[in-house]
Amino acid sequence: MKALGFHSLDSTFAQQRIAHVRERLARGETIYLAGIGPSGTHNSGVALIEVTKAGGPRLIVNNEEERFSGHKHSTEYPRLSIDAMVATLHGLGRDVDDIAAWLTTWDYPALIGMGIRSVLEEAPRSFKLLHPANTVAMDPRQIETMTRTPKIVGRQLGRDSRVPLILMSHHDNHAWYSFAVSPFNDTNEPVAIAVLDGTGDRGSISLYVTLAGEMRQLYSNDSLFDSLGAFYSVISSTQGGWTWLSCEGRYMGAAAWGDTNRDSNRYYKRLREVLHFGTNGEIKLNRALAHWHSDPFVEPYSPALIDLLGPPLKPNELWNPDAMLRVEDIHHRPDTQYRLDKAAATQMVFEDAMIHIVDDLLRRTGANRLVLTGGVALNAVGNMRLLEHFDKAWFADAQNRDARLHLWVPPTPGDPGVTMGAAWHFAHMAGAARGAPISHAFYCGPSPTSDDIAQALAAPEIASRKIGDISTTAGREAIADLMAYMVAENGVIALYQGAAETGPRALGHRSILANPCDAGTRERLNERVKYREAIRPLAPMATREAALAYFDLLDGASDADYNAYNYMVLTARAKPHAQDKIPAVIHADGTGRVQIVREDDDPLTHAYLKALGRHIGVEVSVNTSFNVAGPIAQTPLHAVETLRKSKGLDVVLMVGSDGQVFAVWHGGDRDSGRFTGWFETWSAKRTVGAQSV
């Protein structure tokens with residue numbers, strides 16, 4: 001690997017680089033570090049952070065290749081992401097030579113070693129893993145590209161030599177970044193960290209504890225197959241009808257429509273046998289029931305599991321409309337309720353396993369603060385269940401003290417966060433401070449300029465006009481009021497402003513917004529705007545006051561003024577009156593995946609929510625990602641193309657970096673007249689109001 005340009009963390013090169021960065025930081029210099037997710041793993045990309053001795057790391061960009069290429073969960077070499085990062089560097093008056101170290105998101109020799117060991121330990125059945133049908137995540141072409149990454153990066157940056165890459169441990173990256181940016185990063189009490197993943201480079205479950213800011217690993221299960229991520233992915237794919245990475249969130253949504261009672265669900269008790277709940281919080285796959293340790297895609301079930309769940313859907317059946325789970329079939333397809341009950345059982349077993357792991361971790365560390373990260377932490381319902389389970393009664397019994405669990409999950413718990421994690425972790429090793437906790441996730445790519453937007457608006461069948469300027473308070477309030485007026489009229493609008501959110505959730509910079517008070521909003525938006533399954537819930541975006549008024553925000557998520565609810569990674573139970581008032585954002589199980597919006601973080605979106613309070617009586621909005629069958633819209637061209645795809649989207653408001661606001665809507669024969677009618681009526685009302693004043 002050294003000959004190819006890769007260097008292990010304990011190598012002479014890496015240690016010299018750490019010492020070099022440490023010396024520069026001690027002299028008061030500002031350092032730049034890049035974390036790179038190369039080809040061959042899902043969600044490739046690159047992160048750039050700025051580091052000072054006292055201030056620690058500060059995120060400049062976290063560019064996900066999917067956002068620039070348009071290919072969801074891209075595993076390609078992140079060429080476009082790197083180009084965008086270099087442009088950002090130039091905008092700061094810097095160049096690529098200012099990057100002091102390049103860090104990888106995986107320790108590839110460790111990953112390859114674990115893969116070889118896993119195959120040998122499960123031989124001979126595991127030899128089927130080497131079949132092309134079982135290697136969709138390990139494309140040989142992309143693996144070969146990955147091995148040439150130092151050379152490819154060097155060529156892209158105009159160098160004659162390889163760019164040396166330092167290999168960082170995948171789960172260490174997850175753990176350190178998630179802790180360092182959490183509300184718990186300055187406590188002197190122990191903080192437990194659980195990395196629950198599909199897989200890392202040394203295992204799929206890794207547990208840590210920090211004390212006085214120093215992190216120590218307590219456990220790694222050293223297994224590719226004893227994985228909560230794999231458990232959920234295999235079942236949700238083979239029962240739901242979607243491919244990996246697309247199935248998990250959909251199945252979590254489907255679970256709410258099934259029987260969520262552990263005593264009455266017909267599948268739960270037997271399905272729980274797929275996982276062995278061992279001592280010391282250990283979770284293992286029951287290989288007598290489940291075969292995905294040897295054949296995860298073609299024949300993942302044993303005969304006994306087939307007897308329980310039915311035969312798994314085959315790879316060639318995925319995305320087939322006749323095979324996919326559809327809640328709208330519940331009234332005319334006899335097996336639909338059974339399939340929903342299986343989803344509920346899978347979710348409950350998954351939650352049991354999370355609780356089993358965390359129970360031992362909290363007992364072992366004596367901690368009542370938990371940072372949860374890794375891809376598994378995207379299960380917002382499971383996260384809520386942890387807070388509900390580890391209550392005061394549990395702590396009185398287990399730790400003999402008056403406490404309850406305090407939980408935090410980062411906005412990027414999955415692999416898009418590990419590019420940042422590699423750089424953050426390296427900065428810590430070089431002696432930088434931990435840095436400040438985060439409150440939002442708006443740093444993917446550059447902010448579009450008004451010129452960028454104007455160029456994108458030249459597309460055919462697109463109408464547009466400049467409608468305002470949010471660079472002043474009065475201008476911002478006017479645009480926010482227009483947005484709220486259109487939503488109150490049951491319009492569906494998109495907001496495109498500033499740098500995009502990094503991570504899987506749109507949080508107000510690349511969002512589709514709609515009326516939460518109309519019970520028909522979810523069906524219309526899923527069917528006519530997003531073209532997706534009816535089982536998919538819509539999330540509530542709210543001011544802090546409205547979130548507290550309509551949802552039971554748990555005390556265990558109250559740190560830093562309920563920071564844990566800023567990112568749509570944690571559901572909350574709706575209060576009794578919420579179902580009648582905001583039905584569009586209450587899911588079938590009575591929960592909502594809340595996002596609190598702060599004025600300091602996002603002035604325009606916060607002003608919009610306040611304006612909604614005046615127009616519809618609640619400071620709550622539907623919020624879903626600004627995308628249609630692809631990644632969240634990144635560039636102005638992507639935004640326009642997303643509008644063109646979506647017949648039910650009334651207008652997109654695009655905000656330039658100078659504050660100029662453009663309204664963009666369907667033109668020509670596709671123009672419904674809805675936006676122009678709303679704008680004229682709203683303008684007339686404001687004129688009358690101003691005259692009366």
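Position 1 is the first residue of the sequence; numbering continues from there. Values below: every heavy atom of this structure, side chains too, minus hydrogens, waters and symmetry copies.
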Legend entry - side-chain contact (heavy atoms from CB on, under 4.5 Å) assessment of V195 paired with I205: CA-CA 6 Å; V195 182; I205 297 172; over 6 Å; no

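- Residues D602 and H440 have side chains that never bring a donor and an acceptor to within less than 3.5 angstrom of each other.
- In this structure, L167 and L9 have side chains that are not in contact, with every pair of non-hydrogen atoms separated by 4.5 Å or more.
- The distance from the CG atom of L507 to the CD1 atom of I596 is 12.0 Å, given to the nearest 0.5 Å.
- Looking at S447 and Q497, their side chains never bring a donor and an acceptor atom within 3.5 Å of each other.
- Between the side chains of Q156 and D83, at least one donor-acceptor pair of N or O atoms lies under 3.5 Å.
- Geometrically, R510 engages Y496 in a cation-pi contact defined by less than 6.0 Å to the ring centre and at most 45° from the axis.
- Between G498 and P448, the shortest heavy-atom distance links the atoms O-CD, 3.4 Å.
- No side-chain heavy atom of S11 sits less than 4.5 Å from a side-chain heavy atom of K2.
- The heavy-atom pair separating D10 from Q15 by the smallest distance is CA-NE2, 4.0 Å.
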Inset, instruction - Run the numbers on E66 and S44 for side chain to side chain donor-acceptor pair (under 3.5 Å), then give the verdict. - result: CA-CA 8 Å; E66 67 164 38; S44 57; over 6 Å; no

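- Between the side chains of N563 and Y567, at least one donor-acceptor pair of N or O atoms lies under 3.5 Å.
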Inset, instruction - Mind running side-chain contact (heavy atoms from CB on, under 4.5 Å) on F626 and I512 for me, showing each step along the way? - result: CA-CA 5 Å; F626 182 27; I512 293 175; 3.9 Å; yes

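- A distance-only check finds a donor-acceptor pair linking the side chain of E248 to the backbone of L245 [under 3.5 Å].
- W665 has its side chain within reach of R465: a pair of non-hydrogen atoms, C-beta onward, lies under 4.5 Å apart.
- Considering all non-hydrogen atoms of both residues, A101 and F426 come closest at CB-CE2, 3.9 Å.
- For the pair F13 and I166, the minimum side-chain heavy-atom distance is below 4.5 Å.
- Side-chain N or O atoms of K530 include one that pairs as donor or acceptor with a backbone N or O of S625 at under 3.5 Å.
- Considering all non-hydrogen atoms of both residues, D415 and W106 come closest at OD2-CZ2, 3.7 Å.
- For the atom pair CG (L165) and OG1 (T149), the distance works out to 6.5 Å, reported to the nearest 0.5 Å.
- Side chain of D95 to backbone of D97: no donor-acceptor contact under 3.5 angstrom is found.
- Contact annotation: the side chain of M215 never approaches that of V209 to less than 4.5 Å [non-hydrogen atoms, C-beta and beyond].
- Shown here for V376 and G229, the closest heavy-atom pair between the two residues is CG2-N, 3.6 Å.
- No hydrogens or angles considered: a donor-acceptor pair under 3.5 Å links the side chains of E65 and S81.
- In the model, T449 has no side-chain atom that pairs as donor or acceptor with a side-chain atom of D451 under 3.5 Å.
- Taking the side chain as every heavy atom from C-beta outward, I462 and L643 approach each other to under 4.5 Å.
- Under a 3.5 Å cut-off, the side chain of S204 and the backbone N or O of G200 do not form any donor-acceptor pair.
- Classified by interplanar angle (parallel below 30°, tilted 30° to 60°, perpendicular above 60°), the ring pair H170/H174 is perpendicular.
- When atom types are taken as modelled, the side chain of N63 and the backbone of G445 share a donor-acceptor pair closer than 3.5 angstrom.
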Legend entry - Test side-chain contact (heavy atoms from CB on, under 4.5 Å) applied to L372 and W408, step by step: CA-CA 6 Å; L372 182 66; W408 193 79; over 6 Å; no

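- Note on ring orientation: taking the six-membered ring where Trp is involved, the planes of H509 and F442 are parallel (angle under 30°, cut-offs 30° and 60°).
- A salt bridge does not link R202 with D172: every distance from a Lys NZ or Arg NE/NH1/NH2 to an Asp or Glu carboxylate oxygen is 4.0 Å or more.
- Between the side chains of S182 and N185, no donor-acceptor pair is found at a separation under 3.5 Å.
- The salt bridge (Lys or Arg N to Asp or Glu O under 4.0 Å) contacts involving residues 175-189 comprise E189-R369, where partners must be two or more places apart or lie in separate chains.
- D107 places no side-chain N or O within donor-acceptor distance of the main-chain N or O of S169, the cut-off being under 3.5 Å.
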Inset, instruction - Please report the C-alpha distance between I467 and F662 in whole Å, then the side-chain angles of each, then the deciding distance to 0.1 Å, and finally whether the side-chain contact (heavy atoms from CB on, under 4.5 Å) criterion is met. - result: CA-CA 6 Å; I467 60 169; F662 301 80; over 6 Å; no

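- Across A499 and Y443, no two heavy atoms sit closer than the pair CB-CA, 4.2 Å.
- R505 has no carboxylate O lying under 4.0 Å from a charged side-chain N of E501, or vice versa, which leaves the two without a salt bridge.
- A distance-only check finds a donor-acceptor pair linking the side chain of T472 to the backbone of G475 [under 3.5 Å].
- No donor-acceptor contact under 3.5 angstrom links the side chains of S621 and N623, judged on distance only.
- A side-chain N or O of T419 and one of N62 form a donor-acceptor pair less than 3.5 Å apart.
- H638 places a side-chain N or O within donor-acceptor distance of the main-chain N or O of T635, the cut-off being under 3.5 Å.
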Legend entry - Check against salt bridge (Lys or Arg N to Asp or Glu O under 4.0 Å), R598 and D561: CA-CA 10 Å; R598 322 283 176 159; D561 195 24; 2.9 Å; yes

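- The salt bridge (Lys or Arg N to Asp or Glu O under 4.0 Å) analysis of residues 40-61, with sequence neighbours excluded, yields the pairs E50-R58.
- Remark: the backbone N or O of S74 is not paired with any side-chain donor or acceptor of N43 at under 3.5 angstrom.
- Panel note: side chain R22, backbone M429; a donor-acceptor pair is recorded below 3.5 Å.
- Between P38 and T105, the closest side-chain pair of non-hydrogen atoms falls below 4.5 Å.
- Proximity of H428 to E214: side-chain heavy atoms (C-beta onward) are separated by under 4.5 Å at one or more points.
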Inset, instruction - Would you please test S178 and T373 for side chain to side chain donor-acceptor pair (under 3.5 Å) and show each step? - result: CA-CA 7 Å; S178 300; T373 188; 2.9 Å; yes

